[in-house]
Amino acid sequence: MGKYIIAGNWKMNKLPSETYDFVKEVAAKNASASCEVVCCTPYVCLSEAVRAAKGTNVKIGAENLHFEDKGAFTGEVSADMLKDLGVEYVIIGHSERRQYFAETDETVNLKTKKALEKGLIPIVCVGESLDEREAGITMDLIAIQVKKAFAGISAADAAKVVVAYEPIWAIGTGKTATADQAEEVCAGIRAILAGLYDDATAKAVTIQYGGSMNAANAAELLAKENIDGGLIGGASLKADDFAVIVAAAK
Ligand code: PEP
């Protein structure tokens with residue numbers, strides 16, 4: 001369907017001083033990857049990550065951005081700042097940002113539009129909590145998140161967005177959604193996009209699964225028709241494990 005993309009989300013791990021060597025290691029282990037390989041790093045690691053990725057097939061992403069261009073927003077980072085560093089991707093609306101940093105569907109939409117306007121590829125995260133899954137409202141919730149994230153975005157721009165389906169109960173817990181559960185929601189997301197736009201746009205969108213994807217379970221998840229890659233937390237911090245996941249994305 002969409003282009004295969006395996007993206008690591010380092011979260012608040014790894015130091016700037018560790019970044020250059022680690023990205024070089026990722027690049028060396030994935031030099032013949034048949035999918036896009038991305039490392040999303042903390043802001044302070046981005047310069048070193050971009051320096052290390054130069055001349056390799058690894059792309060660098062940030063883990064957040066602000067939706068304004070500039071101004072009195074102490075502690076924030078703009079899309080222009082990320083572009084200026086050579087960053088190509090940005091994670092938007094990760095559940096940890098929704099949970100701990102008051103990210104909402106509205107700010108996710110503003111950030112997604114700003115990323116697209118500035119030529120960054122947004123990786124927009126959506127996902128349900130365990131309570132929501134058990135209440136049987138997973139797809140209703142995902143539909144709201146997807147529709148709000150894409151509000152006001154043209155079909156041409158929508159095709160550039162990466163959607164990461166990340167069930168909150170599977171993130172960092174070691175509990176993975178089964179391949180069938182993940183496929184069901186990813187197929188649902190594609191259907192929502194087809195309804196918002198058209199089939200061709202929906203097919204062009206990369207839909208990733210994220211949530212305890214690792215070297216052991218990646219192949220089964222990535223074999224599913226509507227799973228076009230992964231957003232990888234813990235396993236992206238180990239270059240060997242990350243390379244196994246990349247190799248599984250064929
Ligand atoms: C994530 O945070 O995006 C994630 C999927 O984490 P983990 O792989 O550690 O569950």
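We use all heavy atoms of the structure for the numbers below, so side chains are in, but hydrogens, waters and symmetry mates are not. Just so you know, ligand 1 is whichever comes first in the structure, and atom 1 is the first atom listed for that ligand. Quick note: residue numbers are just sequence positions, from 1.
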Interatomic spacing from CD1 in I60 to CZ in R51 - rounded to 0.5 Å: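 Those atoms lie 12.0 Å apart.
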Close side-chain approach of L221 to T176, heavy-atom, < 4.5 Å: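 L221 reaches T176 side chain to side chain.
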Test item: Y197 and V205 side chains (from C-beta on) under 4.5 Å apart, heavy atoms: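 A side-chain contact under 4.5 Å is absent here.
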Short side-chain to backbone donor-acceptor contact, R98 and V108, under 3.5 Å: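 Looks like no, no N/O pair under 3.5 Å.
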Flag, side chain of S129 to backbone of I168, donor-acceptor distance under 3.5 Å: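 It does not hold such a pair.
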Counting only nitrogen or oxygen atoms and a 3.5 angstrom limit, does [X] reach ligand 1?
X    : answer
S212 : yes
L231 : no
I171 : no

Which segment of S236 sits under 4.0 Å of ligand 1 when only heavy atoms are counted: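 Answer for S236: neither.
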Identity and separation of the nearest protein heavy atom to atom 3 (O) of ligand 1: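 Answer, as residue, atom name and distance: E166 OE2, 2.7 Å.
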Atom 4 (C) of ligand 1: the protein heavy-atom neighbour that sits closest, reported with distance to 0.1 Å: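 Checking every protein heavy atom, the shortest distance to atom 4 (C) of ligand 1 gives G233 N, 3.5 Å.
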By number and element, which atoms of ligand 1 are closer than 4.0 Å to a non-hydrogen atom of [X]?
X    : answer
G172 : 7 (P), 9 (O), 10 (O)
G234 : 7 (P), 8 (O), 9 (O)
K11  : 1 (C), 2 (O), 6 (O)
N9   : 1 (C), 2 (O), 3 (O)
G211 : 5 (C), 10 (O)
A170 : 10 (O)

K203 atom NZ, neighbour heavy-atom count above 12 within 6.0 Å: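 At most 12 heavy atoms, drawn from other residues, nucleotides or ligands, come within 6.0 Å of this atom.
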Check against side chain to side chain donor-acceptor pair (under 3.5 Å), Y89 and E36: CA-CA 11 Å; Y89 284 80; E36 183 100 315; 2.6 Å; yes
Q208, E96, H94, K175: member with heavy atom nearest to atom 1 (C) of ligand 1: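 Among Q208, E96, H94, K175, the closest heavy atom to atom 1 (C) of ligand 1 belongs to H94.
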Residues D198, T201; criterion side chain to side chain donor-acceptor pair (under 3.5 Å); working and verdict: CA-CA 5 Å; D198 52 67; T201 304; 2.9 Å; yes
Name of the residue among E106, H66, E103, E68 meeting side chain to side chain donor-acceptor pair (under 3.5 Å) with K111: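 Option passing the side chain to side chain donor-acceptor pair (under 3.5 Å) with K111: E103.
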